[in-house]
Protein chains: 2
Amino acid sequence: MMNITIADLARITGLAKSTVSGVLNNKSGFSEKTRAKVLEAAEKHGYVPNEIARGLTSKFTKTIGLVIKDITNPFYNRITKGVQEVANEHGYTVFLCSSGENHMVEVTQVTAMVGKRVDGLIIAPLLEGVDFDHIYELKRKKIPFTLLGSIPGLTCDYVQFDDYNGSIQVTNHLIANGHKKIGFVTGQRTSRASKLRFQGFKDAMMASGLSLSEEHVFHEAKHLEDGVDVGNQLIAMKDRPTALICFDDVIAMGVIKACESAGLKIPEDLSLVGFDDIELMIFPLTSVSIPTYDAGKLLAKILFERIFEEEVAEYRQVTLDEKLVVRSSVKSLH
Amino acid sequence: MMNITIADLARITGLAKSTVSGVLNNKSGFSEKTRAKVLEAAEKHGYVPNEIARGLTSKFTKTIGLVIKDITNPFYNRITKGVQEVANEHGYTVFLCSSGENHMVEVTQVTAMVGKRVDGLIIAPLLEGVDFDHIYELKRKKIPFTLLGSIPGLTCDYVQFDDYNGSIQVTNHLIANGHKKIGFVTGQRTSRASKLRFQGFKDAMMASGLSLSEEHVFHEAKHLEDGVDVGNQLIAMKDRPTALICFDDVIAMGVIKACESAGLKIPEDLSLVGFDDIELMIFPLTSVSIPTYDAGKLLAKILFERIFEEEVAEYRQVTLDEKLVVRSSVKSLH
DNA sequence: TTGTAGGCGTTATCAA
DNA sequence: TTGATAACGCCTACAA
């Protein structure tokens, strides 16, 4: 069961622990003979340095933590992919926690990662209706972290998307196509993104003198199934909106699924748009593209700068643009 | 920067390190007064035990590693979700490595995880055309691990899918619907699943006295884009197959995408089937369903049994069934 | 060029 | 009921 240690190697080669350690760490000042002897023994016995013992002394565990909401969602797995790649480039391993939108899991896992002395954390926190004690604690402990999204009043590194503007863009696109009765499907209550998108939507409507009816807004959609529900409600509705904005493409997929099986045509009978512009979408859905993969890489890049920095640099606070990608899920009413 | 330690707590409370440690670990035999003093101090200073130091003594790091090929693929992120959930139930944290089908990354990351003394590993290894030294090394070191898929000649815990039979099922389904010219899109060369599915396909064809033409098999599709390529080739083809079996649903999506934009109708002009039965699929694709989420949970369950077991138990070797889900992407030629 | 000693934060053992 | 000490595996000084 036991992994071989430096002490074992020392015993085997008849050298001192420090000598073995020195050779293994490529320090200079050892004879070729000792060097060879150590390396050979290490190789032969499959020695893998105990990083965790090493981490005790050396300040770095070469590990970062990543906390997201749902690994199953393309939005988050693209971010994960970006983070992972940059981490690998730095020789780092990443702890993954998919909180499933459960705040307690998020807190527990962050604490566990702190316990495991990660060198830094990337967190896509639940941003609404929860407390941020675990995040503040990170700052207090001076543990490097960077956030996806910002927390009002917390000065730290973060990357966020301009959800408000993205939402204004789609909404205006619909309005420009003559839509007046526009519905909206919000995401999780704990999602800042959802709040901003909804706000952008309302503001854009208002700015065009359009009003929205309460029946046309659907709340708290999370999974594809919720989208199907919304679709079914829509189908059963007498006074249907002519267009619907979905919190994300996954929800939109659900709506499409429901509509297709009910014979409701998109965009003929209903115009539909979403957010994320996910790849796994064969339907020509007009969507707001979000640079998730790039964001993942950027989050990691910023985190590593913070981890390796000598003097405390300015906090990096980046807002990434969202871009409307027009396809053919919106009907022109003109 | 520094996290508070037990020694700090000892100094603060005026107690001995061992006393503090004892209280913190809920050992019996301490006065209520000491107990309270320690707990209060710990709380006040936000003490988080250094798991990595703890791991030095206690044999367990409460960490497992998970190595998959592509976190972006629904197949793997469902598995990841299952693993994650079971790990969390046990209070474990999981290291994630998405190798990107790169064998060197897989080997490097496994080694890194071993270095970090994970209590166990779940690996979905590249299974064809590569060496398994890193896996054998695990066994030699008696580090618990469970595999997704089996390695011939290696006795270990594993969970695998019956890809061969799944493939036979779809192929026969197509044949039963009167298809004779059936094409096939293989996955990565390093994928055992791909090999088995292809073999199942060929055997089923053979068993029905059907032959396959080389032009109708497309190799090494990996991403959605590759599916699009295949679709485009198909469109340009004179002697097109009447049906196409794709290595997975993502590839099938690509084919659908290509066909839709070229005006080729499915199933009217081409019957199409895939594997995985992914959720994010609005097209009514007939597909071979694979219990990925359950497999993830099972993999983790088996791993934890192995980690916590007292005596060495039998190796668990499970083959999970694949099940054909018929929708409407196959046209009946009768 | 190599060896000895001490420390990192924790737990376990044994003594007080 | 509490405290001192060693040990886990490694690294860094410093001494030989």
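Every chain is numbered from 1, with letters handed out A, B, ... down the list of sequences.
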Given atom [atom1] of [X] and atom [atom2] of [N], what is their separation to the nearest angstrom?
X	N	atom1	atom2	result
A/Leu24	D/dT12	CG	P	13 Å
A/Lys62	D/dC11	NZ	P	13 Å
A/Asn50	C/dG9	CG	P	16 Å
A/Leu56	D/dC8	CG	C1'	9 Å
A/Lys17	D/dA7	NZ	P	11 Å
A/Ile52	D/dC11	CD1	P	13 Å
B/Lys33	D/dT2	NZ	C1'	12 Å
A/Ile6	D/dT12	CD1	C1'	12 Å

| request: State which of D/dG3, D/dC10, C/dT10 makes the closest approach to the side chain of B/Tyr47. | output: C/dT10
| query | Between D/dC10, C/dT2, C/dG9, which one does the side chain of A/Phe30 approach most closely? | reply | C/dT2
| said: At less than 3.5 Å, do the side-chain atoms of B/Ser18 and the base atoms of D/dA4 form a donor-acceptor pair? | reply: yes
| task | Assign each of B/Arg117 and B/Ser28 to its nearest nucleotide of DNA chain D by heavy atoms, then name whichever residue's nucleotide is nearer the 5' end. | result | B/Ser28
| message | Salt bridge check, A/Glu128 against A/Arg192: does any charged N sit closer than 4.0 Å to a carboxylate O? | response | yes
| query | Salt-bridged, A/Glu51 to B/Arg117, with N to O below 4.0 Å? | reply | no
If you compare every side-chain N and O of [X] against the phosphate oxygens of [N] (OP1, OP2), does one of them come in below 4.0 Å?
X	N	value
B/Arg54	C/dG9	no
B/Ser21	C/dT11	yes
A/Thr19	C/dT1	no

| request: Classify the ring geometry between A/His103 and A/His134 as parallel (under 30°), tilted (30 to 60°) or perpendicular (over 60°). | output: perpendicular
| query | Checking all strands, does B/Lys27 fall into the base, sugar-phosphate, or nothing category for heavy-atom contacts under 4.0 angstrom? | reply | sugar-phosphate
| said: Base, sugar-phosphate or nothing for A/Ser31? Non-hydrogen atoms, less than 4.0 Å. | reply: sugar-phosphate
| Does the gap between the ring centers of A/Tyr92 and A/Phe304 come in under 6.0 Å? | yes
| remark: Result for 5'-nearest mapping on DNA chain C, choosing between A/Glu32 and B/Ala7, is A/Glu32
| query | When you check the side-chain N and O atoms of B/Thr93 and B/Lys62, is any donor under 3.5 Å from an acceptor? | reply | no
